[in-house]
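See structure below.
Just so we're on the same page: letters track the sequence lines, and every chain starts at 1.
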2 protein chains.
Amino acid sequence: MNASSKPERTRLSAEDWEDAALVLIAEQGVGALAVEALARRLGVTKGSFYWHFRTREALLQAALERWEQYGEREVISQIESIPDPRVRLPELFRRVAHELQPHRVYAALLKALDHPQVVPVMARVSQRRTEFLTVAFREAGLPPAEAVNRARLTYAAYVGFLQLNFTLGLPRISHEDFDAYVEHMIATLIPA
Amino acid sequence: MNASSKPERTRLSAEDWEDAALVLIAEQGVGALAVEALARRLGVTKGSFYWHFRTREALLQAALERWEQYGEREVISQIESIPDPRVRLPELFRRVAHELQPHRVYAALLKALDHPQVVPVMARVSQRRTEFLTVAFREAGLPPAEAVNRARLTYAAYVGFLQLNFTLGLPRISHEDFDAYVEHMIATLIPA
DNA sequence: CGCAATCCATACTCAAGCGTATGGTATCCT
DNA sequence: AGGATACCATACGCTTGAGTATGGATTGCG
């Protein structure tokens with residue numbers, strides 16, 4: 001029980017460092033990922049860090065891969081439980097729209113794309129998700145050629161939305177307005 | 001001996017530094033904006049820089065504001081020359097899609113949103129452009145409530161596209177596929 | 001011409017952050 | 001128990017890049 005809660009572990013594992021790194025990234029961006037700062041956060045010093053990782057970049061790499069694998073089974077497995085392909089897409093939109101936490105890391109990585117290490121990870125993840133959307137749109141009745149483009153458009157809209165409303169705090173949209181936006185998006189992007 | 005490719009001013013102005021900064025940003029991102037590096041690029045040293053600017057952040061600030069003002073009259077004035085509101089939007093899409101250079105800086109800033117200084121600038125620019133789109137969609141026949149959301153969706157799609165295809169080099173889309181994507185986007189987002 | 005004002009170079013200081021060296025303490029295993 | 005292994009602290013070196021001090025060069029202008 002106290003294995004993964006707050007309670008001060010006496011010793012740390014590499015995974016602990018990776019998780020802490022992801023939290024820090026979500027909060028303050030990739031640029032804030034410094035080993036001494038992280039160590040302070042975990043109540044230890046550099047000495048510990050350099051036992052687990054050879055370099056700072058190694059940590060970032062490991063953390064990113066950890067996030068990538070974690071996010072793999074997240075949305076996709078959840079959405080495949082919806083049998084009817086017609087309902088699947090709008091339902092996916094609504095669910096994604098109403099979660100919050102999972103998007104934080106993604107948004108943080110999105111606004112840190114000038115760090116070369118995150119580019120390939122984001123490329124892979126985005127690629128997979130777009131392909132997933134492509135299939136979904138085909139199953140929803142779109143001809144293949146259109147399904148690809150609609151998937152691109154949809155995922156681009158998702159990415160852009162995160163940037164505009166998460167990172168930039170464009171005029172804080174209200175809760176009702178947000179719901180209206182989501183429904184508008186569904187109506188516009190999903191074939192009747 | 002000193003006859004380089006560029007006009008080679010003998011002395012530099014603050015504006016020269018700002019322009020050079022924007023070029024550097026477009027090429028290598030905000031993170032690469034260092035005063036000694038930039039000085040080398042201009043064939044001078046730090047001594048020059050710190051005469052024109054009090055600090056590195058002052059340069060970034062000035063460069064961003066310069067970019068913001070420059071981009072102001074760029075797209076908007078050009079598009080207002082198209083009288084028919086129905087043709088205006090698809091035409092805007094096509095033009096924007098076929099330019100390249102103006103998007104480089106925007107994309108570079110987009111992937112550097114973890115630098116606090118660029119956030120307010122991008123917020124202002126994005127806000128203004130979205131409002132512009134809102135008006136355009138209203139003039140194209142959408143009811144006001146929908147026009148706002150369609151504008152948000154459209155601009156988000158633009159931002160996301162830049163991120164996915166510019167920054168991440170998602171499977172380098174071909175020229176014909178790109179045109180098809182643009183037309184698909186027009187067909188999907190612009191009311192008939 | 002000659003003196004200001006403007007622009008630039010050189011040579012520093014200083015702080016941040018990564019990485020290393022080395023020794024200490026806890027934990028496991030037999 | 002007691003050594004081996006895993007984890008951590010302290011202290012240092014090194015590099016990068018920002019900012020300062022100061023004097024030299026160039027230009028505008030009276």
Side-chain angles (χ1 to χ4, degrees), chain A residues 2-25 27-64 66 108 112 114-118, chain B residues 1-4 6-25 27-64 66 108 112 114-118:
Chain A
N2 70 5
S4 65
S5 304
K6 305 266 182 180
E8 300 233 4
R9 266 176 229 69
T10 43
R11 318 284 285 270
L12 293 174
S13 71
E15 287 76 24
D16 294 326
W17 284 93
E18 294 166 12
D19 287 338
L22 287 176
V23 172
L24 213 180
I25 288 172
E27 286 179 12
Q28 308 184 27
V30 175
L33 185 63
V35 336
E36 279 161 317
L38 233 199
R40 228 170 296 127
R41 218 167 219 252
L42 289 171
V44 292
T45 65
K46 301 163 53 154
S48 170
F49 176 84
Y50 282 100
W51 191 89
H52 293 287
F53 299 92
R54 231 175 53 75
T55 165
R56 188 208 101 122
E57 296 193 352
L59 167 66
L60 178 53
Q61 195 62 38
L64 290 176
R66 187 174 176 78
D114 56 345
H115 301 254
Q117 287 190 86
V118 325
Chain B
M1 186 86 70
N2 56 7
S4 286
K6 306 282 164 129
E8 180 109 21
R9 272 171 222 71
T10 44
R11 319 281 286 269
L12 294 174
S13 70
E15 287 76 24
D16 294 326
W17 284 94
E18 294 167 12
D19 287 339
L22 286 176
V23 173
L24 213 179
I25 287 173
E27 286 178 11
Q28 307 184 28
V30 174
L33 184 63
V35 335
E36 278 162 316
L38 194 57
R40 248 190 313 274
R41 218 168 220 253
L42 288 171
V44 293
T45 65
K46 299 164 56 150
S48 171
F49 176 85
Y50 283 100
W51 191 90
H52 293 287
F53 299 92
R54 231 176 50 74
T55 166
R56 188 208 99 123
E57 297 192 352
L59 167 65
L60 178 53
Q61 194 62 39
L64 291 176
R66 188 174 176 77
D114 55 344
H115 302 254
Q117 286 191 86
V118 325

Considering all heavy atoms, the nearest A:Ala62-A:Phe53 contact
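Taking every non-hydrogen atom into account, CB-CE2, 4.0 Å.
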B:Ala112 and B:Val30: which non-hydrogen atoms are nearest, and at how many Å?
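The pair with the smallest heavy-atom distance is CB-CG2, 3.5 Å.
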Could you tell me how far apart [X] ([atom1]) and [N] ([atom2]) are, to the nearest whole angstrom?
{"X": "B:Trp17", "N": "C:dC7", "atom1": "CH2", "atom2": "C1'", "value": "11 Å"}
{"X": "A:Leu60", "N": "C:dG19", "atom1": "CG", "atom2": "P", "value": "12 Å"}
{"X": "A:Arg40", "N": "C:dC18", "atom1": "CZ", "atom2": "C1'", "value": "14 Å"}
{"X": "B:Tyr50", "N": "C:dT10", "atom1": "OH", "atom2": "C1'", "value": "15 Å"}
{"X": "A:Glu36", "N": "C:dA16", "atom1": "CD", "atom2": "P", "value": "10 Å"}
{"X": "B:Trp51", "N": "D:dT22", "atom1": "CH2", "atom2": "P", "value": "19 Å"}
{"X": "A:Phe49", "N": "D:dA6", "atom1": "CZ", "atom2": "C1'", "value": "17 Å"}
{"X": "B:Phe53", "N": "D:dA18", "atom1": "CZ", "atom2": "P", "value": "14 Å"}

When you measure from the side chain of [X], which nucleotide among [options] comes out closest?
{"X": "B:Lys46", "options": "D:dG19, D:dG17, C:dC18", "result": "D:dG19"}
{"X": "A:His52", "options": "C:dC8, D:dC8, D:dA18", "result": "D:dC8"}
{"X": "B:Thr45", "options": "D:dC8, C:dT10, C:dC7", "result": "C:dT10"}
{"X": "B:Val44", "options": "C:dG19, D:dC8, C:dC8", "result": "C:dC8"}

Regarding C:dT27, can its base be found pairing with the side chain of A:Arg11 as donor and acceptor, where the two atoms are less than 3.5 Å apart?
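Looking at the base of C:dT27, it does not pair with any donor or acceptor on the side chain of A:Arg11 (distance under 3.5 Å).
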Once salt bridge (Lys or Arg N to Asp or Glu O under 4.0 Å) is applied, what residue pairs with a partner in residues 27-43 of chain B remain, sequence neighbours excluded?
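Qualifying pairs, neighbours excluded: B:Glu27-B:Arg41, B:Glu36-B:Lys46.
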Side-chain N or O of A:Thr55 closer than 4.0 Å to phosphate OP1/OP2 of C:dG19
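Result: yes.
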In terms of relative ring orientation, are B:Trp17 and B:Phe49 parallel, tilted or perpendicular, with 30° and 60° separating the classes?
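The arrangement is perpendicular - the two ring planes meet at more than 60°.
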If you measure from the Lys or Arg side-chain nitrogens to the Asp or Glu carboxylate oxygens, is any gap between A:Arg11 and A:Asp16 under 4.0 Å?
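So A:Arg11 does not pair with A:Asp16 through a salt bridge.
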